[in-house]
Amino acid sequence: MEKKIVMICLLALAVLLNATVQSAYGQNEVVGVTIVDYSSYCWEGQQENYAPVHLVNGSGLSSDLHGTNQNFAMWLIEYSACGSDSESPDTVEGEYVTFDLGELIDLESTKIWNWNGATYPGVCVHKMKIWVAGDGVDPNDPASFQLHDPNIILTQNPCTGGAAGEMLSLDTSISVRYVKFEVMENYGHEAVGLSEVKFYGLPLPPIPPSEPIVIITETDDLTLVDEQKDDPDTYRVVLGYPPTSPVTISIDYDQTQIEVIPNELVFETSDWQTPQTVTVTAVSDGIDEGMQNSIISHSADGGNYTGIAIDEVIVKIIDPATPVVYVLVTTHFDWPFNINTSHLNALRNLSIRHPKMKWTHLYNPVVYTQNSPYLAEIEDYIFESRDVYGAEIGLHLHMFKSFVEAAGVSFRDSPSLNGSNVPGCGSDTGGYSVPFTAYTSEEIGTMIDFSIAKFGSRGLDRPRTFCAGYWATSITSQTILSEKGFTVSKSALPPGTEYGSSDMTPLCWLMYSGWGDETVTHTMSPYMISSSSILPAGGPPYLWTDEGPMLEFPQNCKVGWMIPTQGLKDIFLDNYNLATPNEPKVIDLVLHDSTAVSQYAKFDDTLSFIDQYVENPDDVLVVYATANEVHKAILPKFILGGDTDRDGDVDFEDLLVQVTHWLDMDCVNSNNWCNGADSNRQGSIDLKDFVILSQNWLTKIAVEQ
């Protein structure tokens, strides 16, 4: 975590910019608000519908007006219709929910969208108390709070879509971090609920130090370097109190483990508020030690700073013996034409809550081939997710009739993967459950080309990651994907039921999906795709692209609705415990677009669990990444330098190819880098390529079993 503030004035400004956004009402909206305590909510079977998190994830809104969806968008306390065992289900007094604003706020107001269930208008809150508390308290302890207003009356009882929120003043006498709403009365129903809550105010400026202090800020709250990469990390140092004369900060470290530049910082009386950057690089010592720590210490001399205590920086060092777990978080845009702002806000809020997480959005071009009411908002979100949060935009295809025909291909309505009739498995006139493999290779190529062109026309990057609807694939379709430049396929789905239920194993799915055996498991690592088999047991030669071998990333967490929260955590831990330096593990958390609201609480909880491992690396490094970032990171495991014919070994056949192209100067991607002889991709065949081949002479790639 960030140890101290870097610079009083600058940080105050940064916090102001990052912690608030301007609302349509000209006030500063507090973002990143979370729920930390509540009295109750609808029973276990309805928890996704009425969980308290819906109050702060945007699910209850359409733009800035009340949404029209009752389920998956509100907070509702327990009552008889939800299976409560309460003897007095009509008693709502004392039900409460507590909000965490994330930091101390000079609170101005709150805006409340009441319950929106037209069938039960009496559920809306009528009267409530508002309690507030500062920082450094237990938000679950009622004694931490002081009563701000004992008689808040909500005059709006909308219970219909399209209503505006009700603004209430919250001008408090103390700086506030926690706010608790305690319900006293509703409009006459046996239950009570709210839909959405926002807060407005300004973060408080930090309190200036009263004595000399050296402030150190690590990039991303962690200093992490890798012995295998010339990729330094940095941290910043600044003085937090005016010096009486120039101050020298000396830096001491273990030179056998890391290199630090500079090793001395000088702050003059005129620039003591200007941060200075320290660069840290790992030293490659040739010893496999796994994840290790190296300590950087600091000492001060000069003015009123001589001899003061200064924080150390603990550097995490990765070396070749460090096991790695990559965490993918994937969205399948199955029905983008049905997405609304509630779904987009839920996805957006997960990015805010888990800033190191990166989405791999498998985007479906069907959104451009049939009426999509929120197309502009969807595109805005996709660009925001890519440009602000570093998301990858891949391709996801279901064989919807509108999409197939827009691509210029004749539509087929069968077989249907979710059909019940065998052997034909029925039909699907809309095309959603018709497998990708029902079409010829030429037709698949045409639809892929149409999709890539559509992405380009909309300002999206050329997709490199692909997943077909219903996880259906074949060696023919995988071959086409590799020819079209896709480096990652995310189609393999474990058919087993180690965690949760697959619900995807009717006979027709087994017949057409390609994954109808137990070869793929929840701990399966990415693997190269054989030219003769899509399963991990296949051997060379493998499918190849212009960026290396095409890899299959098994969706080992299946899709969010299939597995409970604890199951997702257990899958992560199973892979974490199996990770080795030679076997990096990848877990893939998958979320459907239209379940972003209903599955929000599950994913937020799971990501919070994984965040602990990301932020505090120990023997295993856990990294959030996109699919293609992982592909690039683990390529060395799969690429064997000198293997010109891509058959998994280096032998006389490869030497013959290199000799045939010796001293050629026109090696480019279009000629497959001189039929693979240009091992270093530098455009020519020379001694450097021969050295690479000789280093791997008679070496074979191990084929995963």
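What's counted below: heavy atoms across the whole structure, side chains too, no hydrogens, waters or symmetry copies.
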Separation of M128 CE from M184 CE (nearest 0.5 Å): 11.5 Å
Under 3.5 Å: donor-acceptor pair, side chain of S457, backbone of K454: yes
L147 and K129: CA distance, side-chain angles, deciding distance, side-chain contact (heavy atoms from CB on, under 4.5 Å) verdict: CA-CA 8 Å; L147 186 62; K129 297 178 181 179; 4.0 Å; yes
Residue pairs, two or more places apart or on separate chains, that pass ring pair (Phe, Tyr, Trp, His ring centres under 6.0 Å) and touch residues 368-387: H361-Y381
Taking every non-hydrogen atom, the tightest pair across D141 and F145: O-CD1, 3.6 Å
Residues in side-chain hydrogen bond (donor to acceptor under 3.5 Å, both in side chains) contact with H343, at least two apart in sequence or another chain: N340
Gap separating the CD1 atom of I571 from the CG atom of L589, nearest 0.5 angstrom: 8.5 Å
W115 vs V192, side-chain contact (heavy atoms from CB on, under 4.5 Å): CA-CA, chis, key distance, verdict: CA-CA 8 Å; W115 171 261; V192 67; over 6 Å; no
Polar side chain donor-acceptor pair, T223 to E218, under 3.5 angstrom: yes
Non-hydrogen atoms of E196 and N57 that approach each other most closely: OE2-N, 3.6 Å
Modelled atom types, side-chain donor and acceptor of D574 and T523, under 3.5 Å: no
Beyond-backbone contact of Y200 with N28, side-chain heavy atoms, under 4.5 angstrom: no
Lys/Arg-Asp/Glu bridge criterion (N-O < 4.0 Å) met for D37, K180: no
Test item: T369 side-chain N/O and V366 main-chain N/O as donor-acceptor pair under 3.5 Å: yes
Which atom of E95 lies closest to which atom of S40, heavy atoms considered: OE1-OG, 2.9 Å
Sub-4.5 Å side-chain heavy-atom contact between D461 and R386: yes
Closest contact, heavy atoms only, T626 versus A391: CG2-C, 4.3 Å
Donor-acceptor contact below 3.5 Å, side chain S144 vs main chain D138: yes
Between N628 and T487: side-chain donor-acceptor atoms closer than 3.5 Å: yes
Test log, rule side-chain contact (heavy atoms from CB on, under 4.5 Å), inputs Y389 and I352: CA-CA 9 Å; Y389 297 105; I352 294 172; 3.6 Å; yes
Heavy-atom closest pair, residues F337 and N371: CB-O, 3.5 Å
Within-4.5 Å side-chain heavy-atom neighbours: T331 and D593: no
Side-chain H-bond candidate by donor/acceptor type, H398 with N364, under 3.5 Å: no
Donor + acceptor pair across side chains of T360, T330 (<3.5 Å): no
Side-chain donor or acceptor of S175 paired with backbone N/O of G134 under 3.5 Å: no
Backbone of D588 reached by a side-chain donor or acceptor of N556 within 3.5 Å: yes
F455 vs I393 side-chain heavy atoms within contact, under 4.5 Å: yes
Salt bridge (Lys or Arg N to Asp or Glu O under 4.0 Å) contacts touching residues 341-369 (sequence neighbours left out): R348-E384, R353-D604, K358-E629
Polar side-chain atom of E166 near backbone of T155 as donor-acceptor pair, under 3.5 Å: yes
Donor-acceptor contact present, side-chain H54 to main-chain G60, <3.5 Å: no
Parallel, tilted or perpendicular: ring planes of H592 versus H332, cut at 30 and 60 degrees: perpendicular
Distance (rounded to the nearest 0.5 Å) between K558 NZ and L493 CG: 6.0 Å
Rounded distance [0.5 Å steps], CG in L362 versus SG in C467: 6.0 Å
Point-to-point distance, once rounded to the nearest 0.5 Å, from NE2 of H148 to CD1 of I174: 10.0 Å
Option among V176, I130, D149 that satisfies the side chain to side chain contact (heavy atoms under 4.5 Å, CB included) test with L170: I130
I587 and L568: CA distance, side-chain angles, deciding distance, side-chain contact (heavy atoms from CB on, under 4.5 Å) verdict: CA-CA 9 Å; I587 75 157; L568 296 177; over 6 Å; no
Atom pair CG (L202) and CD (E108), whose distance is rounded to the nearest 0.5 Å: 5.5 Å
Minimum side-chain heavy-atom gap P526-I634 below 4.5 Å: yes
Between Q566 and D570: side-chain donor-acceptor atoms closer than 3.5 Å: yes
Donor-acceptor under 3.5 Å (K111 side chain, A164 main chain): no
Student check: side-chain heavy atoms of L344 and I378 closer than 4.5 Å: yes
Name of the residue among Y96, W131, F99 meeting ring-ring contact (aromatic ring centres under 6.0 Å, His included) with F181: F99
Under 3.5 Å: donor-acceptor pair, side chain of N186, backbone of G193: no
Least distance between heavy atoms, V586 atom then N575 atom: O-OD1, 4.3 Å
I339 vs F333 side-chain heavy atoms within contact, under 4.5 Å: yes
Contact check, side chains of K198 and W113, non-hydrogen atoms, under 4.5 Å: yes
Identified ring-ring contact (aromatic ring centres under 6.0 Å, His included) counterpart of Y613 within the set Y576, Y624, Y326: Y576
Check: S372 side chain, V367 main-chain N or O, donor-acceptor pair, under 3.5 Å: yes
